[in-house]
Asks: 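I have a structure I would like to understand better, so I am pasting it below and will then ask my questions one at a time.
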Amino acid sequence: MNKPVTYELQHVCQQSGARAGLLTTPHGQIKTPVYMPVGTQAVVKAMTSPEMKALGAQILLSNTYHLNLRPGSQIIKAAGGLHRFMAWDLPILTDSGGFQVFSLAELNKITEEGVAFRNHLDGSALLMTPESSMQIQQDLGADIAMAFDVCSPYPCAYEDAKADMERTHRWAMRCKDAHKRPDQALFGIVQGAFYKDLRITSAQTLSQMDFPGYGIGGLSVGEPKDIMYEMLEALIPHLPVNKPRYLMGVGTPDCLLEGVLRGVDMFDCVLATRIARNGTVLTRHGRLVVRNARYKADFAPLEEGCDCYTCLHHSRAYVRHLINTGEITGGRLCSIHNLRYLTRLMEGARQAILEDRFLDYIKDFYALFDMRGAFNRGEDQ
RNA sequence: GUGGGUGUAGUUCAGUGGUUAGAGCGCCAGAUUGUGGCUCUGGAAGUCGUGGGUUCAACUCCCAUCACCCACC
């Protein structure tokens with residue numbers, strides 16, 4: 001039986017060691033490194049599928065937990081699967097619900113069997129297990145499903161981190177046993193909080209289970225960036241070279257490039273679309289809060305030279321006006337720009353890797369990008 | 001012209017003798033990393049229409065005056 005998702009390592013940058021690859025799925029190929037826009041509720045907020053294609057998105061992420069609550073995985077299955085339901089014929093990856101165990105921690109109880117959630121919509125009880133997550137994800141029918149994991153918080157005591165990691169490994173095996181769909185790949189997820197030895201153990205343990213790809217979970221949960229980079233450097237050498245690595249939830253421009261530098265192939269993040277709806281955009285010069293009064297009469301595009309729809313047609317003053325009057329198109333225009341920005345950042349990274357000049361690419365990025373107030377955390381300040 | 005009403009932050013309004021006059025909206029700024037987010041947090045902003053008076057103390061009570069609104073001539 002052919003594997004549903006295969007990874008081909010196309011080139012290793014001689015200057016940096018970063019990777020360029022090709023991910024082949026039932027719904028087409030993905031050139032890596034890649035940023036995956038997030039469409040939690042079977043839609044990238046404010047965007048349509050043709051618009052996502054136009055800005056160069058290769059694959060979208062959607063969410064098991066949310067879609068299972070509404071409209072329900074049976075509805076999406078009846079619609080002919082998630083691709084048809086949301087009219088997106090390129091690849092999709094579904095998150096397992098594991099992150100909701102973390103982010104909705106006050107509303108759930110974790111046992112070895114699974115997680116008892118309080119439904120955040122109506123308060124009703126809901127049990128999610130590795131098996132049920134697999135069932136739901138197979139009903140949704142994405143190209144890539146993620147294992148149901150336990151994401152440790154930051155900070156986290158060693159014994160707790162170890163217990164979360166070991167449970168994640170047991171659940172990964174249960175996910176593998178429960179996963180039957182031949183046209184869908186299942187990725188395992190590395191945990192281990194902020195302890196290098198645990199991260200290495202997790203990478204080795206999951207590698208032995210032979211998944212077609214590996215998520216790196218539990219990072220960008222509030223820790224300083226340096227610590228995240230240390231963890232990546234420790235664990236990635238213990239993942240197989242011929243499988244894709246997906247750093248979950250990471251999405252500031254600098255973190256994307258630093259991740260690529262350390263061997264990551266895939267990223268997803270809500271940041272670009274979330275800040276867009278609140279009037280902040282990303283540019284090569286750093287973040288730009290277009291909502292601010294200084295742009296009231298600024299008729300330049302959001303980012304000079306950007307090829308996105310927004311920058312080709314509209315001014316900062318206009319976008320600011322729409323944001324400040326609460327017009328939904330304001331959030332749309334900022335989303336279009338931010339998604340295009342990150343997509344283009346990754347396209348440029350891939351090209352630089354293929355041409356063995358990725359270190360120069362990063363250097364050029366930092367030379368222009370104003371890091372002051374650029375989503376820093378903790379000790380980064 | 002007569003009678004009544006209203007004048008407090010940019011705006012709509014609270015505040016009927018007692019620290020440094022408040023709220024919503026607006027304005028300004030900050031936050032946002034596997035989305036419980038048209039969200040969250042903070043800030044600036046008022047000679048209380050004006051001028052007198054009573055009082056230990058006045059946005060508050062009294063007088064005058066100005067502006068606006070309503071009713072009636």
Side-chain angles (χ1 to χ4, degrees), chain A residues 35-46 60-67 69-70 93-108 117-123 126 133 144-152 154 168 187 189-191 214-225 228 246-256 258-259 264 266-282 287 289-296 320 322-332 334-335 338 342 372-378 380-381:
Chain A
Y35 162 71
M36 305 185 285
V38 179
T40 300
Q41 311 270 20
V43 65
V44 178
K45 290 187 192 297
L60 302 184
L61 182 147
S62 198
N63 197 286
T64 299
Y65 173 80
H66 298 78
L67 294 179
L69 292 184
R70 283 189 307 196
L93 179 151
T94 45
D95 191 14
S96 62
F99 189 71
Q100 276 62 47
V101 177
F102 168 75
S103 65
L104 304 178
E106 288 158 23
L107 293 175
N108 70 49
F117 285 100
R118 288 304 279 278
N119 178 334
H120 74 268
L121 299 173
D122 64 11
L126 177 79
S133 177
I144 300 170
M146 297 304 295
F148 190 57
D149 64 332
V150 183
C151 180
S152 303
Y154 174 82
T168 293
F187 282 19
I189 300 178
V190 174
Q191 288 292 344
Y214 296 88
I216 300 166
L219 295 178
S220 73
V221 291
E223 77 282 7
K225 291 173 181 177
M228 177 169 83
Y246 159 31
L247 178 52
M248 308 179 76
V250 166
T252 70
D254 54 315
C255 287
L256 290 181
E258 297 286 351
V264 176
M266 306 161 70
F267 304 84
D268 80 282
C269 194
V270 303
L271 184 75
T273 44
R274 178 179 288 173
I275 66 175
R277 292 193 300 282
N278 297 313
T280 296
V281 295
L282 300 165
R287 68 152 72 184
V289 184
V290 74
R291 167 167 52 80
N292 287 0
R294 60 191 294 196
Y295 304 113
K296 188 180 290 185
R320 175 183 189 273
L322 296 186
I323 290 288
N324 284 31
T325 51
E327 289 290 339
I328 48 182
T329 300
R332 273 174 46 69
C334 289
S335 294
N338 280 353
L342 288 185
R372 285 174 301 176
F375 315 103
N376 290 320
R377 274 211 166 123
D380 300 339
Q381 305 289 336

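Remember, it's a predicted structure, so these values are computed and weren't measured experimentally. Convention: sequence-line order gives letters A, B, ...; per-chain numbering from 1.
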Asks: Kindly say whether, by distance alone, the side chain of N278(A) makes a donor-acceptor pair under 3.5 Å with the base of G37(B)?
Replies: no
Asks: Looking only at side-chain N and O atoms, does S220(A) come under 4.0 Å of OP1 or OP2 in U33(B)?
Replies: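 Negative; the distance criterion is not met.
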Asks: Under a 3.5 Å limit for both distances, which nucleotide forms a Watson-Crick or G-U wobble pair with C72(B), could you say?
Replies: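 C72(B) is paired with G1(B).
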Asks: Supply the atom-to-atom distance L93(A) CG to M266(A) CE, rounded to the nearest 0.5 angstrom.
Replies: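 Here the interatomic distance stands at 5.5 Å.
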Asks: Given atom CD1 of I144(A) and atom P of G34(B), what is their separation to the nearest angstrom?
Replies: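 Atom-to-atom, I144(A) to G34(B), this comes out as 18 Å.
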Asks: In chain order, what residues pass the side chain to side chain contact (heavy atoms under 4.5 Å, CB included) check against T64(A), with sequence neighbours excluded?
Replies: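 With neighbours one apart ignored, the set is T94(A), M128(A), S133(A), I136(A), Q137(A), L140(A).
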Asks: Any side-chain N or O of Q100(A) less than 4.0 Å from the OP1 or OP2 oxygen of G36(B)?
Replies: yes
Asks: By nearest heavy atom, map D95(A) and G326(A) onto RNA chain B; which one lands nearer the 5' end?
Replies: D95(A)
Asks: Given that both distances must come in under 3.5 Å, which nucleotide forms a Watson-Crick or G-U wobble pair with A64(B)?
Replies: U50(B)
Asks: Name all residues meeting the salt bridge (charged side-chain N to carboxylate O under 4.0 Å, His left out) criterion together with R277(A); count only those two or more places apart in sequence or in a different chain, and write none if there are none.
Replies: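 Expected list: none.
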Asks: How long is the span from the CD1 atom in I189(A) to the CG atom in D95(A), to the nearest 0.5 Å?
Replies: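 These two atoms lie 6.5 Å from each other.
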Asks: Which whole-number value in Å describes the distance from L342(A) CG to U32(B) P?
Replies: 15 Å
Asks: Would you measure the distance from the P atom in A64(B) across to the matching atom in G22(B) and give it in whole Å?
Replies: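 Roughly 32 Å separates the two P atoms.
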Asks: Under 3.5 Å between N/O atoms: give me all the protein pairs with nucleotides 25-28 of chain B, atom names plus distance.
Replies:
| unit_1 | atom_1 | unit_2 | atom_2 | d |
| --- | --- | --- | --- | --- |
| C28(B) | OP1 | R320(A) | NH2 | 2.6 |

Asks: Establish whether the base of U35(B) is bridged to the side chain of S103(A) by a donor-acceptor pair shorter than 3.5 Å.
Replies: no
Asks: I need the CZ-C1' distance between F267(A) and U35(B), as an integer number of Å.
Replies: 19 Å
Asks: Nearest whole Å is fine: how far is U35(B) C1' from L271(A) CG?
Replies: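 For the pair L271(A) CG and U35(B) C1', the rounded distance is 11 Å.
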Asks: Could you measure the distance from the CE atom of M248(A) to the CE atom of M146(A)? Nearest 0.5 Å is fine.
Replies: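 If we round to the nearest 0.5 Å, M248(A):CE and M146(A):CE are 4.0 Å apart.
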Asks: Who does G10(B) pair with, Watson-Crick or G-U, both distances under 3.5 Å?
Replies: C25(B)
Asks: Taking pairing as Watson-Crick or G-U wobble with both contacts under 3.5 Å, can you name the mate of A58(B), or confirm there isn't one?
Replies: none
Asks: By nearest heavy atom, map M228(A) and I328(A) onto RNA chain B; which one lands nearer the 5' end?
Replies: M228(A)
Asks: Does R274(A) place a side-chain N or O at less than 4.0 Å from the phosphate oxygens OP1/OP2 of U33(B)?
Replies: yes
Asks: Which whole-number value in Å describes the distance from L61(A) CG to U33(B) P?
Replies: 15 Å
Asks: In whole angstrom, give the distance that lies between atom CD of Q191(A) and atom C1' of G34(B).
Replies: 10 Å
Asks: Between D268(A) and Y246(A), do the side chains contain an N or O donor and an N or O acceptor separated by less than 3.5 Å?
Replies: yes
Asks: Can a side-chain donor-acceptor contact be found between T252(A) and D254(A) if the only test is distance below 3.5 angstrom?
Replies: yes
Asks: Can you check the distance between U11(B) and A71(B), where both ends of the measurement are the C1' atom (answer in whole Å)?
Replies: 28 Å
